[in-house]
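Residue numbers begin at 1 in each chain, while the letters A, B, ... track the order of the sequences. As a basis for the values below, the full set of heavy atoms in this structure was taken, side chains included, without hydrogen atoms, waters or symmetry mates. Predicted model, so just to flag it, every value in this text is computed and none were measured.
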There are 4 protein chains.
Amino acid sequence: MDTAPPAPPSSPSPWLPFESRRRARDEKREAVLRAAVQLFLEQGYHRVTLNEVADRLNITKPALYNYFRGKDEILFECWSMGAELVDGVITEINAGGGSGLAKLRKLVHAYAELMATDFGASLVRFDLRDLAERNAGVARAAKRRIDATFRRYIAAGIADGSIRPCDPKLAAFAIAGSLNWIGHWYRREGKLSPTAIADEFTVRLTDGLAAEVRLQTTKKTPRAPQGRNSGRKATGKKRTGGETG
Amino acid sequence: MDTAPPAPPSSPSPWLPFESRRRARDEKREAVLRAAVQLFLEQGYHRVTLNEVADRLNITKPALYNYFRGKDEILFECWSMGAELVDGVITEINAGGGSGLAKLRKLVHAYAELMATDFGASLVRFDLRDLAERNAGVARAAKRRIDATFRRYIAAGIADGSIRPCDPKLAAFAIAGSLNWIGHWYRREGKLSPTAIADEFTVRLTDGLAAEVRLQTTKKTPRAPQGRNSGRKATGKKRTGGETG
Amino acid sequence: MDTAPPAPPSSPSPWLPFESRRRARDEKREAVLRAAVQLFLEQGYHRVTLNEVADRLNITKPALYNYFRGKDEILFECWSMGAELVDGVITEINAGGGSGLAKLRKLVHAYAELMATDFGASLVRFDLRDLAERNAGVARAAKRRIDATFRRYIAAGIADGSIRPCDPKLAAFAIAGSLNWIGHWYRREGKLSPTAIADEFTVRLTDGLAAEVRLQTTKKTPRAPQGRNSGRKATGKKRTGGETG
Amino acid sequence: MDTAPPAPPSSPSPWLPFESRRRARDEKREAVLRAAVQLFLEQGYHRVTLNEVADRLNITKPALYNYFRGKDEILFECWSMGAELVDGVITEINAGGGSGLAKLRKLVHAYAELMATDFGASLVRFDLRDLAERNAGVARAAKRRIDATFRRYIAAGIADGSIRPCDPKLAAFAIAGSLNWIGHWYRREGKLSPTAIADEFTVRLTDGLAAEVRLQTTKKTPRAPQGRNSGRKATGKKRTGGETG
DNA sequence: CATGAATGAGGGTTCATTCAT
DNA sequence: CATGAATGAACCCTCATTCAT
């Protein structure tokens with residue numbers, strides 16, 4: 001990832017300026033993306049002007065063109081940041097072991113947490129039709145990969161007996177729908193922490209699929225079938241910021 | 001679709017011209033909405049120009065202003081059509097009887113089917129920030145009502161024992177998320193019929209909540225007590241047109 | 001040309017509004033072109049803003065888009081007006097008779113006069129690279145046709161003996177060069193009338209090619225070989241507004 | 001192309017570094033001009049960005065400002081290079097002897113050849129309105145000088161009897177027009193060599209003016225007195241790359 | 001009522017130029 | 001000197017909306 005070898009601290013290598021320039025550049029690029037993704041989520045892509053993005057960074061509009069080719073490329077890069085996060089998660093899960101169900105649960109948990117971040121929410125709240133055709137294609141491909149991963153874990157779970165037989169496609173749709181929706185209703189100011197949401201959704205979305213044991217009944221209350229999902233705090237009436245639809 | 005039945009020619013009531021005028025007007029209004037909602041869904045609100053809407057109706061742009069105050073009002077009326085459909089469903093369910101779980105299942109089924117219609121999808125694919133503040137308020141209130149209904153049915157089910165104890169809010173989020181997402185991935189040209197989707201989602205989304213019996217019949221539970229949809233199975237590889245995210 | 005048959009004066013035909021609308025539209029279109037071509041010639045295409053064009057017509061910039069698709073289309077239409085003038089001239093000459101030399105002289109004369117008009121000068125002073133590729137192709141083709149006509153007349157003259165043998169291509173280049181240059185140096189405020197220029201250039205550019213008689217010695221001074229091109233006024237030192245280069 | 005010959009290593013004159021510095025600087029300046037004039041001719045001044053100029057030289061945009069005050073000054077210097085070439089030609093001709101006609105022929109020949117060079121074409125293909133007013137004035141004056149030279153030679157020819165009486169101004173326009181147009185249609189890749197063009201144009205443009213003998217040798221005048229270019233004939237169908245207009 | 005025409009507001013983009021390093 | 005970054009000024013174009021006919 002980082003190309004430059006660590007400069008010997010004692011030598012004022014002429015490379016350093018380059019490196020630092022490049023780092024500064026990358027940092028600024030990311031700062032633009034952070035500002036942009038926030039505004040895009042807050043107001044919606046079409047209502048955000050590049051002037052607003054620039055203003056928030058205390059620069060001027062054309063300065064943005066030093067880092068991006070245009071507004072839609074900024075949108076794409078925001079989206080990509082989210083996609084990379086998901087890809088990282090998937091790579092890690094694939095590297096680990098476990099049953100299909102176990103992998104699915106890991107994915108659900110991590111994905112739910114991601115949906116509570118700006119770049120994660122980008123994945124589901126940005127309209128791909130706003131992208132240049134070329135980038136839209138890349139994005140569609142990435143979406144397909146993620147979707148395929150959900151289905152693959154489910155299919156693997158069915159194969160290894162950890163998941164009860166079902167249609168992997170529709171099951172993936174149902175699970176991913178719930179998860180994606182988090183990106184629409186989650187508010188940072190709400191009372192539910194991303195982790196709490198992720199914990200709860202992991203149980204709720206995968207329990208119906210599990211072949212044997214239900215997570216919902218935790219070990220602590222092994223025979224309290226109606227025992228309100230003990231341990232996992234009921235959040236009651238606390239505002240989380242959104243509605244279902 | 002069905003045009004007004006020809007007025008009985010024997011009653012030259014002076015009211016009729018009025019009536020027929022108004023009806024003609026309403027029909028045109030609806031025609032505008034049908035054209036608009038399609039375009040809005042196809043291309044996204046901001047990419048659709050009023051000229052396109054007018055062209056599809058073989059009228060001219062300013063003519064639209066005879067029926068609507070502006071573009072955002074058209075968007076709102078499209079949205080409202082969807083909201084009315086949901087309200088109708090809810091009213092009907094409320095009028096009927098049944099346990100909390102039964103009501104929830106009815107709602108899920110009907111809502112899923114609605115998500116496969118243009119006006120239904122409007123509910124979840126249009127951005128409320130595109131509305132005038134006044135209309136946005138109305139829409140937000142409607143969304144809250146729908147969300148509250150989901151929660152109420154769940155809470156009622158918990159109270160009457162048909163649903164296992166859980167957090168109604170998060171459960172509603174999970175269910176509504178899956179349902180809303182249908183509005184994003186469903187394609188009319190796909191292989192899955194709206195009813196099939198609704199059936200499957202009714203099972204999948206409520207089964208985990210059911211206190212006693214599971215609708216989902218698998219080989220492990222050969223005796224599906226209520227028999228409904230029993231045996232429903234994987235739909236295989238048929239394209240439905242979308243991905244999870 | 002005019003499509004509408006003359007309306008019977010006694011009948012207020014419902015067609016008239018249409019016709020008059022269309023006429024008004026065409027008139028405005030042409031007014032735009034006249035204003036634009038002047039500005040383009042005065043200041044150069046890239047220095048002229050659509051606001052200036054609009055201002056000169058007492059309308060606003062976007063109003064121009066009712067008549068043209070964009071700035072470059074206005075440029076193209078100006079150019080086309082000139083091309084049509086030339087085409088008309090050529091058509092007329094072709095319809096008439098005469099030797100190759102006679103036709104060439106007619107063309108030179110008419111072309112020279114055209115170069116003194118705004119639309120005529122457009123032909124040689126606008127940069128085809130400013131056009132959309134599609135229009136540029138059309139323009140290039142038209143240029144080729146005009147060039148071919150020059151060469152054809154010369155070749156015909158050689159064939160019929162009215163023009164002395166020479167390379168039609170280079171001869172055409174030489175003649176057309178002189179003529180085109182008029183479009184660069186001619187100033188309306190100058191002392192030379194377009195007709196005077198055309199007369200003079202007709203003699204000067206074709207006399208060297210003529211096989212037999214030299215026009216330069218007019219009938220009035222049949223044997224005054226060195227007689228200063230009598231009859232055709234020497235313009236002396238009068239300012240014409242430009243230089244050679 | 002040819003870089004400065006290495007300074008004789010034996011003379012460590014303190015001036016040399018200076019000299020070589022200055023020479024290096026001048027060479028770079030010229031390199032910029034060569035790159036710029038090509039781009040300006042290829043694409044047109046307004047479509048060329050300084051970045052493109054810099055890229056072609058493998059330097060960066062601001063570096064150009066070490067050599068020129070701005071884009072329009074680069075344009076002016078390109079133009080000036082061409083003007084200096086013409087001035088050189090004129091100076092040389094003036095230094096030599098000969099009749100007015102002889103001088104005119106020399107000028108036509110040299111000017112035609114110049115039109116086939118980049119800097120020569122600059123003279124007629126760049127728009128003086130793109131220059132700063134100060135430079136535009138200089139350029140206009142230079143153009144006037146060149147024009148005046150054409151007229152002076154013609155007038156001298158009339159006076160010394162080598163040229164038949166005519167209006168020097170219009171004759172100059174006609175000749176210069178043909179010559180200038182070369183700068184518009186000449187293509188290096190074409191079949192006609194600059195010298196061939198110059199030869200042909202020298203004959204064609206001055207023959208009509210000559211008092212006595214015609215350079216142009218046709219079958220009718222088998223005895224070409226001065227023999228120069230005699231027999232030169234039609235170049236056939238070879239592409240030269242341009243049209244007349 | 002419907003239309004053609006016109007408008008005002010605004011956004012994205014480009015680019016020559018400058019400045020600190 | 002050369003560079004990367006930043007800027008200011010413009011310009012084209014789009015489109016919802018209005019108005020006279």
Side-chain angles (χ1 to χ4, degrees), chain A residues 17-18 20-22 24-25 28-29 45-54 57-74, chain B residues 21 24-25 28 45-54 57-75, chain C residues 17-18 20-22 24-25 28-29 46-54 57-74, chain D residues 21 24-25 28 45-54 57-75 130:
Chain A
F18 262 27
S20 92
R21 278 245 180 133
R22 244 197 13 142
R25 187 184 167 79
K28 286 185 196 164
R29 235 186 93 102
Y45 177 69
H46 285 103
R47 271 173 297 274
V48 175
T49 73
L50 289 187
N51 259 330
E52 288 176 283
V53 177
L57 294 161
N58 284 334
I59 59 174
T60 59
K61 183 167 50 171
L64 296 172
Y65 285 81
N66 279 325
Y67 307 102
F68 302 96
R69 217 163 304 193
K71 194 188 183 188
D72 66 289
E73 194 181 293
I74 298 180
Chain B
R21 278 272 186 97
R25 187 187 157 79
K28 286 186 193 167
Y45 177 70
H46 285 103
R47 269 174 299 273
V48 174
T49 71
L50 289 189
N51 257 332
E52 288 175 282
V53 177
L57 294 162
N58 286 331
I59 60 173
T60 59
K61 182 165 52 169
L64 295 172
Y65 284 81
N66 289 322
Y67 307 106
F68 301 96
R69 219 175 305 242
K71 192 187 182 188
D72 66 288
E73 195 182 291
I74 298 180
L75 185 71
Chain C
F18 262 27
S20 92
R21 279 247 179 128
R22 243 194 17 140
R25 187 184 167 78
K28 286 185 196 164
R29 235 186 93 102
H46 285 102
R47 272 174 297 274
V48 175
T49 72
L50 289 188
N51 259 330
E52 287 176 283
V53 177
L57 294 161
N58 283 334
I59 60 174
T60 59
K61 184 168 45 172
L64 296 172
Y65 286 82
N66 279 326
Y67 306 103
F68 303 96
R69 216 162 302 191
K71 194 188 182 188
D72 65 289
E73 194 182 292
I74 298 181
Chain D
R21 279 270 186 97
R25 189 187 156 78
K28 285 186 193 167
Y45 177 70
H46 285 103
R47 268 174 298 273
V48 175
T49 71
L50 288 189
N51 257 331
E52 288 176 281
V53 177
L57 294 161
N58 285 331
I59 60 173
T60 59
K61 182 165 51 168
L64 296 172
Y65 285 82
N66 288 322
Y67 308 106
F68 301 96
R69 219 174 305 243
K71 193 187 182 188
D72 65 289
E73 195 182 290
I74 298 180
L75 185 72
D130 287 320

Quiz item: With sugar-phosphate meaning primed atoms plus P, OP1 and OP2, does B/V53 contact a base, only sugar-phosphate, or nothing at under 4.0 Å between heavy atoms?
Solution: nothing
Exercise. State, yes or no, whether a side-chain contact exists between D/N51 and D/T60 at a heavy-atom distance under 4.5 Å.
Key: no
Quiz item: Want to settle it: does D/N58 or A/L64 sit nearer the 5' end of DNA chain F, counting the closest nucleotide to each?
Solution: D/N58
Practice problem: Return the 5'-most residue of the pair C/T60, A/H46 with respect to DNA chain E, ranking by each residue's nearest nucleotide. | Solution: C/T60
Quiz item: Checking only heavy atoms, does the side chain of A/K61 share a donor-acceptor pair with the base of E/dG11 at less than 3.5 Å?
Solution: no
Self-check item: D/D130 side chain to D/H46 side chain, donor-acceptor N/O pair below 3.5 angstrom
Solution: yes
Quiz item: Got a second to check how far D/L64's CG is from D/I74's CD1, nearest 0.5 Å?
Solution: 5.0 Å
Quiz item: Would you say E/dT14 has OP1 or OP2 under 4.0 Å from some side-chain N or O of A/Y65?
Solution: no
Quiz item: Quick one: is C/R25 getting a side-chain N or O under 4.0 Å of the E/dG4 phosphate, OP1 or OP2?
Solution: no
Quiz prompt | A/K28 vs F/dA6: side-chain N/O to OP1/OP2 distance below 4.0 Å | solution = yes
Quiz item: NA contact type, D/Y67, heavy-atom cut-off 4.0 Å: base, sugar-phosphate, or nothing?
Solution: sugar-phosphate
Quiz item: DNA chain E: A/R69 or B/I59, which has the more 5' nearest nucleotide?
Solution: B/I59
Quiz prompt | side-chain N/O A/N66 vs F/dA5 OP1/OP2, d < 4.0 Å | solution = no
